[in-house]
Amino acid sequence: MFGLTFEKLFLVAIIAGFVLGPSRLPGYAHRLGRAVRSVRHFVDTTRSAAEDEMGVPLRRSQWETMDVRQYDPRRIVADALRETDVAPNREWPEEVLAEAGRVRPGQKYLIIGPASYPRRILIDSLPENDPRRIAAQVVPNVAAAGRTAKEGR
């Protein structure tokens, strides 16, 4: 604690013995003991008051068993980015399906919202199984096959 080792504390006690003298040393030791007890009492009363106000016990053993790393914002964001399937087995709302019908292949942005305040959403930022993203995907071989079929007629 504070980088104090037993040797350093022993050295401070010897120096205090020389400075204070053998007659005053017991009185100062008694005062130090009283100060330590009062600080310990203050900490205990503060801890019990905090426990009463919060309703949560503040015991060291319980805090040590709790994994506080789960509340780290960096970990939360990393876990959210690792999720690949954002909406598994979910029916898409009518609005999303209607927007997917208006998306052209190769379109990069989706414009949503009222005309007074339109919002642009990057289509690549949508989940992989979003119908709007699927509608915007360009399949060059299918487009070329469509042209050759029309030319052959």
For this session: Give, for atom CD of E99 and atom CG of L126, the distance between the pair rounded to the nearest 0.5 Å.
Result: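 Between E99 CD and L126 CG, I get 9.5 Å after rounding to 0.5 Å.
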- Task: If a pair satisfies salt bridge (charged side-chain N to carboxylate O under 4.0 Å, His left out) and one of its residues is in residues 16-45, list it, with sequence neighbours excluded.
- Result: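 Listed once each, the pairs are D44-R47.
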query: Can V103 be reached from I121 by stepping across I, L, V, M, F, W or Y side chains whose heavy atoms are under 4.5 Å apart?
result: yes
| Taking a hydrophobic cluster as the set of Ile, Leu, Val, Met, Phe, Trp and Tyr residues connected by side-chain heavy atoms closer than 4.5 Å, whether directly or through intermediates, do F18 and F10 fall within one such cluster? |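 F18 clusters together with F10.
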For [X] and [Y], which heavy atoms make the closest approach, and how far apart are they?
| X | Y | result |
| --- | --- | --- |
| T45 | S48 | O-OG, 2.9 Å |
| P26 | P22 | CD-O, 3.4 Å |
| L25 | G17 | CD2-CA, 4.0 Å |
| P127 | R133 | O-CD, 3.4 Å |
| Q107 | L110 | NE2-CA, 4.3 Å |
| A135 | A100 | CB-O, 3.5 Å |

Note to self: Any heavy-atom pair between the side chains of R132 and I123 that's under 4.5 Å?
What the structure shows: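 No, every pair of side-chain atoms sits at 4.5 Å or beyond.
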Quick check: do L122 and Y109 have side-chain heavy atoms less than 4.5 Å from each other?
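L122 vs Y109: side chains touch.
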